[in-house]
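Quick notes on the structure that follows.
This is a predicted model, so every value here is computed, not measured. Throughout, residue positions are numbered sequentially from 1 according to the sequence presented.
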Amino acid sequence: MAENGMKALAEKNHRKAFGLAAKDTSGILSPFIFSRRANGDNDVTIKILYCGICHTDLHTAKNDWKETVYPLVPGHEIAGIVIEAGCNVLKLKIGDTVGVGCLVGACRSCEKCVQHKENYCPKLVFAYNSIDIDGKITYGGYSNIIVVDEHFVVKFPKNFPMDRGAPLLCAGITVYSPMKNFELNQPGKHIGVVGLGGLGHVAVKFGKAFGMKVTVISTSPWKKEEAIKLLGADAFLVSSDAEQIKAAKGTMDGIINTVSAKHSLLPLILLLKSEGKMILVGAPEHPLDLPALPLLLEGKILAGSCIGGMKETQEMIDFAGDHNIAADIELISTDYVNQAMERLAKGDVRYRFVIDVGNTLAEA
């Protein structure tokens with residue numbers, strides 16, 4: 001009887017879920033059955049319809065940062081529909097279309113949380129590979145459902161495309177936040193965007209919506225046409241072309257650097273005006289060389305930024321809705337995810353893979 005009672009209690013406090021998980025450093029994803037916590041008073045349960053594939057998913061699946069706990073269910077660009085809401089939930093209701101990004105928890109009381117910067121809370125909880133409030137490892141959006149405190153859920157604007165909107169929950173806020181916080185969102189200013197991938201192409205769209213002059217800086221000359229004609233950038237520089245860099249020296253008020261591979265910072269720093277700012281949002285696996293003298297002599301700033309707080313994330317989604325900003329995606333089925341990861345490692349995606357979870361994820 002006691003054993004049956006404990007089993008019943010366990011079933012009551014958790015609900016069955018299924019998804020795709022990496023089981024080891026190969027990073028190969030395969031079917032995985034697990035449990036989510038039961039929907040609490042402040043929680044909503046979301047039926048996941050779409051989930052973007054972020055470069056962080058790839059790094060974590062392969063344990064590139066030596067912090068992965070297996071099995072790992074990646075995914076922090078989640079879009080879906082609320083199917084259950086706790087009794088204390090105020091801003092959301094069943095049937096709402098919503099998104100969940102990188103954060104699913106924080107202490108809510110520290111200095112950073114009070115400032116609506118939960119992304120810098122020392123006790124933040126990430127959507128996957130983190131310790132949740134029930135003491136268990138969090139599992140991400142490559143799955144059928146997720147249970148989240150409503151504070152960490154954003155509501156999508158009416159008629160907002162969930163598939164193309166999902167990547168904004170990471171890629172979008174990652175570039176929007178530093179533009180706003182470092183005053184690189186002012187009409188007429190000149191901003192450079194380094195790297196034309198999942199983050200970079202969204203940064204171009206936000207930059208233009210802010211009324212700025214936008215120059216894309218890339219190692220790939222063939223991306224010029226798509227940067228200017230498809231995304232609306234004003235100019236394009238090949239970072240390895242010394243003459244182009246020299247001609248553009250000292251012309252940019254700021255740079256959003258999205259590159260997640262090791263690269264030279266010096267040519268980019270030279271592009272900044274005096275007291276210009278370069279913000280790193282990519283996370284290279286290996287350290288970057290930092291040339292100090294060009295920073296010192298002209299008061300230039302090199303800073304980092306990591307996603308954004310929940311208030312700012314909702315603001316970003318609302319801004320995107322008002323300006324028709326969404327990611328350019330390749331929608332894929334769950335049985336293509338491993339191939340997509342291989343292509344992502346090679347940079348072969350324009351510009352974000354999004355998994356059609358709702359239509360293609362089936363329980364093993």
Side-chain angles (χ1 to χ4, degrees), residues 55 164 167-168 171-172 174-176 178-179 182-274 276-284 288 291 294 298 300-302 305 320 323-330 343-344 346-353:
H55 218 107
R164 297 180 59 221
L168 299 187
T174 294
V175 297
Y176 179 93
M179 286 183 180
F182 289 92
E183 299 180 337
L184 299 177
N185 63 343
Q186 299 175 4
K189 282 195 172 183
H190 184 188
I191 191 170
V193 175
V194 186
L196 195 63
L199 275 66
H201 90 286
V202 176
V204 173
K205 294 185 180 189
F206 277 120
K208 294 307 297 178
F210 286 135
M212 305 178 71
K213 177 182 178 181
V214 179
T215 296
V216 171
I217 306 156
S218 174
T219 58
S220 306
W222 56 269
K223 290 186 177 181
K224 180 177 181 178
E225 183 173 357
E226 57 194 76
I228 295 175
K229 292 186 177 180
L230 296 181
L231 298 173
D234 299 283
F236 185 92
L237 294 176
V238 179
S239 57
S240 59
D241 188 319
E243 289 302 313
Q244 289 188 24
I245 297 297
K246 182 178 179 181
K249 182 179 178 181
T251 63
M252 298 180 187
D253 297 285
I255 291 173
I256 301 295
N257 187 340
T258 73
V259 175
S260 59
K262 188 170 184 179
H263 60 287
S264 176
L265 293 179
L266 179 59
L268 305 176
I269 291 172
L270 295 177
L271 295 172
L272 291 171
K273 296 177 181 178
S274 176
K277 307 163 186 176
M278 179 160 64
I279 317 303
L280 303 180
V281 296
L288 300 173
E298 296 189 6
K300 297 176 182 179
I301 295 170
L302 181 64
S305 179
H323 293 82
N324 296 315
I325 296 173
D328 293 355
I329 69 168
E330 183 174 335
R343 285 178 54 192
L344 179 60
K346 300 173 184 175
D348 178 22
V349 54
R350 296 294 172 271
Y351 287 97
R352 203 65 149 187
F353 288 118

Salt bridge (Lys or Arg N to Asp or Glu O under 4.0 Å) contacts in which one or both residues fall within residues 263-274, not counting sequence neighbours: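 Non-adjacent pairs meeting salt bridge (Lys or Arg N to Asp or Glu O under 4.0 Å): Asp253-Lys273.
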
According to salt bridge (Lys or Arg N to Asp or Glu O under 4.0 Å), does anything in residues 196-205 pair up with another residue at least two apart or in another chain? List the pairs.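 As it turns out, the salt bridge (Lys or Arg N to Asp or Glu O under 4.0 Å) pairs with a partner in residues 196-205, which skip direct neighbours, are Lys205-Asp328.
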
Atom [atom1] in [X], atom [atom2] in [Y]: separation rounded to 0.5 Å?
{"X": "Leu196", "Y": "Leu230", "atom1": "CG", "atom2": "CG", "value": "9.5 Å"}
{"X": "Glu183", "Y": "Lys189", "atom1": "CD", "atom2": "NZ", "value": "5.5 Å"}
{"X": "Leu268", "Y": "Leu288", "atom1": "CG", "atom2": "CG", "value": "10.0 Å"}
{"X": "Leu199", "Y": "Ile256", "atom1": "CG", "atom2": "CD1", "value": "10.0 Å"}
{"X": "Ile191", "Y": "Leu184", "atom1": "CD1", "atom2": "CG", "value": "5.0 Å"}
{"X": "Thr219", "Y": "Leu237", "atom1": "OG1", "atom2": "CG", "value": "12.5 Å"}

Walk me through whether Phe236 and Ile228 qualify under side chain to side chain contact (heavy atoms under 4.5 Å, CB included). CA-CA 7 Å; Phe236 185 92; Ile228 295 175; 4.2 Å; yes

Within the distance-only criterion (no hydrogens, no angle test), does the side chain of [X] pair as donor or acceptor with the backbone N or O of [Y] below 3.5 angstrom?
{"X": "Lys300", "Y": "Ser274", "answer": "no"}
{"X": "Arg352", "Y": "Ile329", "answer": "no"}
{"X": "His323", "Y": "Ala320", "answer": "no"}

Please name the pair of heavy atoms, one in [X] and one in [Y], separated by the smallest distance, quoted to 0.1 Å.
{"X": "Ala209", "Y": "Ile325", "value": "CB-CD1, 3.7 Å"}
{"X": "Ile269", "Y": "Pro294", "value": "CG2-CB, 3.7 Å"}
{"X": "Ile217", "Y": "Gly192", "value": "CD1-CA, 4.1 Å"}
{"X": "Ser305", "Y": "Pro178", "value": "OG-CD, 3.6 Å"}
{"X": "Thr258", "Y": "Val281", "value": "CA-CG2, 3.7 Å"}

Does [X] reach the side chain of [Y], with side-chain heavy atoms less than 4.5 Å apart?
{"X": "Val238", "Y": "Lys224", "result": "no"}
{"X": "Met212", "Y": "Phe206", "result": "no"}
{"X": "Pro291", "Y": "Leu265", "result": "yes"}
{"X": "Ile279", "Y": "Asn257", "result": "no"}
{"X": "Ile255", "Y": "Val193", "result": "no"}

Residues which pass ring-ring contact (aromatic ring centres under 6.0 Å, His included) with His55, listed by chain and number, not counting sequence neighbours: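 So His55 forms a ring-ring contact (aromatic ring centres under 6.0 Å, His included) with His59.
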
Derivation and outcome, side chain to side chain contact (heavy atoms under 4.5 Å, CB included), residues Leu168 and Val202: CA-CA 8 Å; Leu168 299 187; Val202 176; 3.8 Å; yes

Determine which pairs satisfy side chain to side chain donor-acceptor pair (under 3.5 Å) with at least one residue from residues 225-236, sequence neighbours left out, and list them in order.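 Residue pairs passing side chain to side chain donor-acceptor pair (under 3.5 Å), neighbours aside: Lys208-Asp234, Glu226-Arg350, Glu226-Tyr351.
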
Tell me, please, which residues at least two apart from Ser220 pass side-chain contact (heavy atoms from CB on, under 4.5 Å). Ser218, Trp222, Lys223

Indicate every side-chain donor-acceptor pair of residues 245-252 with a distance under 3.5 Å to a residue at least two apart or in another chain.
unit_1: Thr251; atom_1: OG1; unit_2: Ala248; atom_2: O; d: 2.7

